[in-house]
Novice: 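I'd like to ask some things about the structure below.
We number each residue from 1, following the sequence as shown. Here the structure is a predicted model, which is why all the values come from computation and not from measurement.
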Amino acid sequence: MANPAPAYRAKPGSPLSIDPAFYNRIANAKDQRRRVETLEVPIRDARAWKVPAGHVMRICTRQGPQVGDFNLWSLHNPRERFWASRTRQMQRAHVSVHDRLWSSLPYLRPMATITADTLEHYGVDEDGGRVHDLLGTRCDPYVNHLLTGEDFDFHCHSNLTRAVAPFGLTEFDIHDVLNVFQCTGLNEQDQYFMKACPAREGDYLELFAEIDLLCALSCCPGGDLSVDLWGSDATDDDLLATCHPIGIEIYALNDELLKGWSPPQSPNYRGNHGLRPPAEDWSAKRRRCC
């Protein structure tokens with residue numbers, strides 16, 4: 001165990017304690033899946049899509065390195081959505097195979113489990129960078145205006161807002177993201193840094209949908225982040241040259257692979273946060289009735 005020990009540790013039978021053999025079978029049984037949908041997220045844009053529970057989605061670099069900002073919601077209840085900070089606490093600040101993406105309160109259950117990652121062995125680089133980041137969040141037009149005084153409509157927050165609008169969601173539903181393929185860390189001053197994306201054409205991250213999902217992903221306008229978004233003399237053409245589309249593939253699995261699996265349930269908490277209804281003044285009630 002790491003020293004110091006992680007704050008959140010699984011007891012036997014806890015959803016934190018997964019069955020690796022089950023997810024490894026899903027990752028390795030390529031002959032027991034069939035592709036049911038393919039879509040492409042264009043550069044500096046976003047797309048949203050549905051994934052039924054028990055299916056696998058693959059997020060892949062089609063033409064070269066590219067960072068993607070990823071959001072998830074319960075398809076049937078968008079109030080249940082991906083909770084990046086709790087996932088960071090219960091899993092890791094940079095996720096990979098067998099890590100789970102957890103939903104917000106009061107639901108708190110695994111929404112998806114990572115089954116395959118071609119960048120799994122990237123590890124920690126010489127600067128302390130790692131991939132698939134939960135430390136940061138999406139770029140947005142507000143911070144852009146704060147830093148530059150200019151308006152730009154194709155930051156990931158805006159891209160995701162446009163993508164989910166046909167599903168009845170708004171800007172207020174966009175939330176902290178999983179930065180897929182993004183390499184980040186904390187420097188000696190404990191400040192967040194971003195590095196050039198190490199992904200190459202054909203790299204992918206696969207996730208098993210634990211519940212029915214609505215997903216959305218934005219191709220970051222910073223492309224592979226080899227050019228600084230802010231604080232440099234880079235032009236927009238410099239950034240644009242680093243941008244590539246991201247592919248999404250959805251796979252249905254043979255029933256045999258899913259034997260014994262069922263969608264996870266939320267914790268059965270019934271404490272009502274210590275709140276109690278006001279005590280009935282029965283003596284006053286009797287006086288009113290007489």
Side-chain angles (χ1 to χ4, degrees), residues 1-24 26-27 56-61 65-72 80-105 107-138 156 175-199 203-211 213 215 217 220 225 264 267:
M1 182 176 292
N3 186 24
Y8 292 78
R9 299 190 291 278
K11 294 182 178 179
S14 161
L16 278 174
S17 180
I18 71 167
D19 177 6
F22 171 74
Y23 295 102
N24 291 342
I26 289 173
V56 165
M57 72 182 107
R58 174 182 285 191
I59 303 171
C60 49
T61 50
Q66 172 67 43
V67 167
D69 288 48
F70 187 45
N71 268 188
L72 305 88
E80 182 177 7
R81 61 192 195 181
F82 174 52
W83 191 5
S85 59
R86 183 62 86 201
T87 300
R88 187 169 63 243
Q89 289 178 314
M90 295 205 296
Q91 306 290 170
R92 295 183 279 182
H94 298 82
V95 292
S96 190
V97 174
H98 297 157
D99 287 324
R100 309 185 110 170
L101 307 186
W102 292 80
S103 67
S104 55
L105 296 180
Y107 311 101
L108 194 62
R109 58 177 173 165
M111 304 180 77
T113 302
I114 299 174
T115 54
D117 175 15
T118 58
L119 295 178
E120 180 182 9
H121 302 296
Y122 181 84
V124 185
D125 64 28
E126 65 278 6
D127 297 312
R130 305 170 190 253
V131 293
H132 306 314
D133 158 48
L134 289 172
L135 287 173
T137 190
R138 62 211 180 274
C156 290
H175 50 279
D176 281 350
V177 299
L178 168 60
N179 288 305
V180 179
F181 305 127
Q182 185 163 319
C183 184
T184 68
L186 301 175
N187 67 18
E188 292 179 353
Q189 287 74 46
D190 207 28
Q191 297 169 315
Y192 181 71
F193 69 79
M194 302 184 294
K195 296 187 63 174
C197 171
D203 277 320
Y204 60 83
L205 184 74
E206 285 190 353
L207 301 99
F208 174 77
E210 301 282 359
I211 62 174
L213 294 172
C215 302
L217 183 134
C220 181
L225 300 182

Novice: Looking at F193 and N187, what are the two nearest heavy atoms and their distance?
Specialist: CD2-N, 3.7 Å

Novice: Apply side chain to side chain contact (heavy atoms under 4.5 Å, CB included) to residues R92 and T87 and explain how you reach the verdict.
Specialist: CA-CA 7 Å; R92 295 183 279 182; T87 300; over 6 Å; no

Novice: In sequence, state the C-alpha distance, the side-chain angles, and the governing distance for F181 and H132, and then conclude on side chain to side chain contact (heavy atoms under 4.5 Å, CB included).
Specialist: CA-CA 5 Å; F181 305 127; H132 306 314; 3.7 Å; yes

Novice: Using 0.5 Å steps for rounding, measure from the CG atom of L186 to the CG atom of L135.
Specialist: 5.0 Å

Novice: Classify the side-chain pair E120/S96 by whether it contains a donor and acceptor separated by less than 3.5 Å.
Specialist: no

Novice: Taking atom CG of L205 and atom CZ of F70, what is their separation to the nearest 0.5 Å?
Specialist: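 With rounding to 0.5 Å, CG (L205) is 8.0 Å from CZ (F70).
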
Novice: For the CG atom of L213 and the CZ atom of R81, what is their distance to the nearest 0.5 Å?
Specialist: 15.0 Å

Novice: Side chains of T61 and D203: donor-acceptor distance under 3.5 Å anywhere?
Specialist: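 Not at all, the side chains of T61 and D203 share no donor-acceptor pair under 3.5 Å.
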
Novice: Please test R86 against Y8 for side chain to side chain contact (heavy atoms under 4.5 Å, CB included), starting from the C-alpha separation and ending with a verdict.
Specialist: CA-CA 10 Å; R86 183 62 86 201; Y8 292 78; 2.7 Å; yes

Novice: What distance separates C215 SG from I59 CD1, expressed to the nearest 0.5 Å?
Specialist: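 It comes to 7.5 Å.
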
Novice: Do the side chain of H175 and the main chain of L72 share a donor and acceptor less than 3.5 angstrom apart?
Specialist: yes

Novice: Which residue, T137, T184, D133, forms the side chain to side chain donor-acceptor pair (under 3.5 Å) with N179?
Specialist: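 Considering T137, T184, D133, a side chain to side chain donor-acceptor pair (under 3.5 Å) with N179 is found only for D133.
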
Novice: Within the side chain of Q182, is there an N or O that forms a donor-acceptor pair under 3.5 Å with the backbone of G68?
Specialist: no

Novice: Work out which heavy atom in R9 is nearest to a heavy atom in A5; give both atom names and the distance.
Specialist: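 Here R9 and A5 meet closest at NH1-CB, 3.5 Å.
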
Novice: Quick check: closest heavy atoms across K195 and L225, and the distance to 0.1 Å?
Specialist: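 Reported closest heavy-atom pair: O-CB, 3.7 Å.
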
Novice: Angle between ring planes, F208 versus Y23, binned at 30° and 60°: parallel, tilted or perpendicular?
Specialist: perpendicular

Novice: Is the closest basic N to carboxylate O distance between R130 and D125 below 4.0 Å?
Specialist: no

Novice: May I ask you to check whether over 12 heavy atoms, not counting those of E188, lie within 6.0 Å of atom CD?
Specialist: no

Novice: Would you find a donor on one side and an acceptor on the other, under 3.5 Å apart, between the side chain of S103 and the backbone of L108?
Specialist: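 Answer holds: yes.
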
Novice: Could you walk me through whether E80 and I211 pass the side chain to side chain contact (heavy atoms under 4.5 Å, CB included) test, one step at a time?
Specialist: CA-CA 11 Å; E80 182 177 7; I211 62 174; 4.1 Å; yes

Novice: Below 4.5 Å, heavy atoms only, C-beta onward: do S104 and F82 meet side chain to side chain?
Specialist: no

Novice: Tell me whether D127 contacts the main-chain N or O of G129 through its side chain, where contact means a donor paired with an acceptor under 3.5 Å.
Specialist: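 Not at all, since once roles are kept as given, no pair shorter than 3.5 Å links the two residues.
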
Novice: Going by heavy atoms in the side chains, are N71 and R138 under 4.5 Å from each other?
Specialist: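 The answer is no, as the side chains (C-beta and beyond) never meet within the 4.5 Å cut-off.
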
Novice: Got a second to check how far Y122's OH is from D117's CG, nearest 0.5 Å?
Specialist: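 Atom-to-atom, Y122:OH and D117:CG are 12.5 Å apart.
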
Novice: How about Q91 and L134: do any of their side-chain heavy atoms sit closer than 4.5 Å?
Specialist: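 Sidechains of L134 and Q91: no contact.
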
Novice: Does any part of the side chain of V95, heavy atoms only, come nearer than 4.5 Å to the side chain of L178, both counted from C-beta?
Specialist: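 Result yes, sub-4.5 Å side-chain heavy-atom pair found.
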
Novice: Could you pull out the closest heavy-atom pair between R100 and W102, with the gap in Å?
Specialist: O-CD1, 3.3 Å

Novice: Decide yes or no for L207 and T115: does some side-chain heavy atom of the first lie under 4.5 Å from some side-chain heavy atom of the second?
Specialist: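 No - every pair of side-chain heavy atoms lies 4.5 Å or more apart.
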
Novice: Looking at every heavy atom in both A116 and Y204, which two are closest together, and how far apart are they?
Specialist: CB-CE1, 4.0 Å

Novice: Do you know which two heavy atoms are closest between E210 and T113, and how far apart they sit?
Specialist: OE2-OG1, 2.6 Å

Novice: Does the side chain of P198 reach to within under 4.5 Å of the side chain of V131, using non-hydrogen atoms?
Specialist: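 When only atoms from C-beta onward are counted, V131 and P198 do touch, with a gap below 4.5 Å.
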
Novice: Distance from D176 atom CG to R88 atom CZ, nearest 0.5 Å?
Specialist: 7.5 Å

Novice: Here's a test for you: under side chain to side chain contact (heavy atoms under 4.5 Å, CB included), which of L217, V180, V177 qualifies with D69?
Specialist: V177

